[in-house]
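So you know, we letter chains A, B, ... as the sequences are listed, proteins then strands, and number each from 1.
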Number of protein chains: 2
Amino acid sequence: MKVNYTIHDIAKELRIAPSTVSRALKDHPRISEKTRKEIQQFAKKVNYKQNALASALRSGKSGFIGVCLPSINRNFFANLTKGIEEVANKRGNSIIITQSNESFELEKKNIDTLIRAGVDGILISVSKGAPDNSFYKEIFSQGTPIFFLDRTINDSGINQTGIDDFSGAYLATQHLISQGYKKIVHFAGTNNVAILYKERLRGYTQAMGEAGLKEDVIFSNLQLQDGKDHMIELLNRPERPDAVFSASDYAALGAMSVLKENGIKIGKEFGLFGFANEPFTEFVDPPLSTVDQKAKNIGEHAMSSLLTYLDSPNDYIFGKTILTPEIIIRSSSIRKKILL
Amino acid sequence: MKVNYTIHDIAKELRIAPSTVSRALKDHPRISEKTRKEIQQFAKKVNYKQNALASALRSGKSGFIGVCLPSINRNFFANLTKGIEEVANKRGNSIIITQSNESFELEKKNIDTLIRAGVDGILISVSKGAPDNSFYKEIFSQGTPIFFLDRTINDSGINQTGIDDFSGAYLATQHLISQGYKKIVHFAGTNNVAILYKERLRGYTQAMGEAGLKEDVIFSNLQLQDGKDHMIELLNRPERPDAVFSASDYAALGAMSVLKENGIKIGKEFGLFGFANEPFTEFVDPPLSTVDQKAKNIGEHAMSSLLTYLDSPNDYIFGKTILTPEIIIRSSSIRKKILL
DNA sequence: TTGAAAGCGGTACCAT
DNA sequence: ATGGTACCGCTTTCAA
């Protein structure tokens with residue numbers, strides 16, 4: 001038996017026109033029930049597989065969606081991908097994933113590859129190296145719709161989906177306050193990094209202000225070691241703080257290890273709250289309270305928006321969607337007894 | 001300015017033939033230096049982007065490689081992907097990733113999608129639901145090369161890259177023995193799951209046998225809670241064991257929490273060794289010794305093999321490549337003083 | 001309802 | 001070294 005049938009092969013064997021075969025296979029309305037059945041059955045019998053390349057070339061639609069991420073090796077981006085993929089599959093699209101490793105050069109190259117591969121659109125979380133959004137706008141204007149997710153760029157002309165870092169931080173800080181902690185220190189990201197750390201700082205500041213508490217902020221790169229260093233410093237202060245809200249789980253973990261070394265009871269004596277819901281936060285001892293960034297939801301929403309746009313570009317209204325993160329409360333920040 | 005130039009557009013404006021343009025752009029040898037320069041410069045000027053779809057349709061080579069994974073949401077598969085992607089990019093290929101969520105049905109659908117998308121080959125880590133390898137062999141025989149990675153299927157006719165679970169387990173157990181632990185229990189995966197747990201068990205058995213020690217195995221699904229349950233049982237035994245080698249990091253973590261609750265000094269009094277090098281193993285207290293499965297290396301090797309095959313299928317010799325895992329020794333299994 | 005034929009954007013063969 | 005052109009497999013008018 002022939003292995004790779006084309007619609008021409010089918011047409012010839014069935015003594016009909018290729019165009020009829022094409023129509024029958026995609027349930028075109030103006031085709032008789034009888035021929036449709038016959039063709040579909042035959043196609044199934046000979047294991048016909050449509051050549052998506054040829055179809056894409058002719059129709060201008062490939063069903064491919066390009067995804068540009070800084071890295072898929074981090075939990076956050078892996079979850080993002082999961083959301084993206086589920087929606088894409090559900091609606092009959094395939095995704096092509098690329099990683100930039102935070103290099104703008106590589107990102108440009110990846111986008112180029114995706115366009116040459118005929119993607120119908122691109123979802124991107126921009127690399128830290130990107131200078132501004134002019135490049136992306138140019139791509140869009142050249143015919144490839146490009147939507148932002150997670151790392152958004154403020155521009156009303158481009159669609160964006162992200163999370164509200166402000167309210168994540170606000171809710172986390174509020175929770176610490178509700179547990180009776182008063183001297184709450186914030187580990188913040190250094191200013192020259194992305195805007196999101198500023199938003200987290202703002203959320204902290206707002207919550208502290210509303211509660212009439214004094215702000216106390218330490219800036220760093222928020223790595224594990226930074227958290228340790230900060231915590232050691234805090235313990236040496238004459239007036240010791242009683243909680244830390246860290247803009248990163250890693251720094252919170254560093255703080256945790258120092259607290260444990262000093263025999264300080266986490267939760268009861270000292271509250272600890274992280275940010276990002278890294279998998280380890282669930283497993284450390286005690287489990288670390290943190291902010292979940294709803295990565296999967298962001299992916300789902302962004303992909304869904306892009307596909308909606310592609311369905312009818314003219315009706316689409318561009319906008320920015322901000323999902324609210326969820327605070328995950330674990331024992332590291334529970335001081336009061338829980339009343340059931 | 002025109003936005004999307006084709007080689008025909010370029011040919012017309014430069015008053016030459018499309019075929020010449022095509023040749024010039026890909027550095028075909030039989031073309032004059034002068035025309036080549038001229039065409040390449042012009043192409044760059046008008047921002048020509050090759051249509052990979054058209055090229056693939058005509059030449060039969062798309063440069064796409066399909067990747068089928070059970071999930072990209074796990075650290076192991078994320079690293080696998082990283083290795084795959086790096087090699088693919090380096091050699092001018094793009095990858096299309098799909099996930100099966102361990103469903104054989106979805107896996108078949110994904111493979112079908114990839115073939116229709118014109119992939120030159122497929123890399124697959126088979127879903128647990130796959131009954132046997134007949135499906136994959138059929139795909140291969142129909143013209144799409146399919147190489148296995150990680151979860152391999154024993155068949156000399158298909159190329160495979162995986163790790164040696166046996167020696168990972170063997171080395172881990174040997175390390176525990178070298179640290180002076182004598183009553184070492186193995187947490188093993190239930191028999192009806194994949195072969196890899198059997199291999200790990202075999203490695204443990206071998207090392208114990210060689211050292212003249214008595215085997216002691218507990219079977220379960222190796223989740224966190226299983227580890228806790230097992231550990232509680234072990235502590236209640238009249239003759240308490242002094243180490244655990246767990247075939248999963250999660251179960252090892254469960255054991256760790258029980259040990260800590262009981263005030264038993266991990267490392268000094270009780271050795272603990274996991275498997276998989278999950279990210280949290282580095283951050284728990286104490287850090288957990290574990291076996292790294294070299295995911296990135298597996299990905300690199302498998303992709304590299306597939307591309308080599310595609311370059312010259314006739315010269316290729318199919319085979320099975322087994323990479324040796326690396327044991328990562330951390331404080332959870334260090335009893336003796338380290339001599340510097 | 002069905003057929004014929006052009007064409008998507010490249011590639012590759014056959015000429016020259 | 002360059003040009004002309006058929007063709008990859010499918011979609012999409014236009015015609016019947």
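- In this entry the distance linking CD of B:E33 with P of D:dA1 reads 11 Å, nearest Å.
- Using modelled atom types, one finds no donor on one side chain facing an acceptor on the other under 3.5 Å when comparing A:D150 with A:Q293.
- Contacts classified as salt bridge (Lys or Arg N to Asp or Glu O under 4.0 Å) and involving residues 65-89 of chain B (residues at least two apart or in different chains) are given here: B:E86-B:K296.
- The aromatic ring centres of B:F318 and B:Y309 sit less than 6.0 Å apart.
- Judged as a side chain to side chain donor-acceptor pair (under 3.5 Å), and not counting sequence neighbours, B:S312 has no contacts.
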Output one line per pair: protein atom, nucleotide atom from nucleotides 12-16 of chain D, and distance, for all N/O pairs under 3.5 Å.
from, atom 1, to, atom 2, distance (Å)
D:dT13, O4, A:R23, NH2, 3.0

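- B:I97 places none of its side-chain heavy atoms less than 4.5 Å from the side chain of B:I84.
- Rounding to whole angstrom units, CD1 of residue A:I10 and C1' of D:dT11 are separated by 15 Å.
- The side chain of A:Y5 contributes no N or O atom lying less than 4.0 Å from OP1 or OP2 of D:dC10.
- At a cut-off of 3.5 Å, with distance as the only test, no side-chain donor of B:T308 or B:D311 sits close to an acceptor on the other residue.
- Contact footprint of chain B on DNA chain C: nucleotides with an atom under 4.0 Å from a non-hydrogen protein atom, first to last in 5' to 3' order, C:dG9 to C:dC13.
- Annotation: proximity of residues 110-120 of chain B to DNA chain C (heavy atom, distance under 4.0 Å) is found for no residue.
- For B:E105 and B:K109, the salt-bridge test fails: no basic side-chain N is under 4.0 Å from an acidic carboxylate O.
- Within a 6.0 Å radius of NZ in B:K37, no more than 12 heavy atoms belonging to other residues, nucleotides or ligands are found.
- Rounded to an integer number of Å, the gap from CG of A:L57 to C1' of D:dC7 is 12 Å.
- Looking at heavy-atom distances under 4.0 Å, A:L53 makes no contact with the nucleic acid at all.
- The existence of a salt bridge linking A:E300 and A:K90 is excluded, since no basic side-chain nitrogen approaches an acidic carboxylate oxygen closer than 4.0 Å.
- Contacts of A:I31 with the nucleic acid, taken as non-hydrogen atoms under 4.0 Å apart, involve only primed sugar atoms and P, OP1 or OP2.
- Donor-acceptor pairing under 3.5 Å is recorded for the side chains of A:S134 and A:D132.
- B:T113 and B:N110 form no side-chain donor-acceptor contact under 3.5 Å, judged by distance and modelled atom types alone.
- Over its length, the helix from C:dT1-D:dA16 to C:dT16-D:dA1 turns its helix axis by 40°, as judged from the five terminal pairs at each end, rounded to 10°.
- The interatomic distance linking A:H28 (NE2) with D:dT11 (C1') rounds to 10 Å, in whole Å.
- Side-chain contact between A:M303 and A:I65 is present, with heavy atoms from C-beta onward closer than 4.5 Å.
- With A:N93 contributing its side chain and A:G63 its backbone, the two residues share a donor-acceptor pair below 3.5 Å.
- Rounded to whole Å, the distance from NE2 on B:H8 to C1' on D:dG4 is 12 Å.
- For the pair A:I39 CD1 and D:dT11 P, the interatomic distance rounds to 13 Å; values are reported in whole Å.
- Taking the charged nitrogens against the carboxylate oxygens, A:D112 and A:K108 have no contact shorter than 4.0 Å, which rules out a salt bridge.
- Among the protein residues, B:K61 comes within range of no part of the nucleic acid, since none of its heavy atoms lies under 4.0 Å from any strand.
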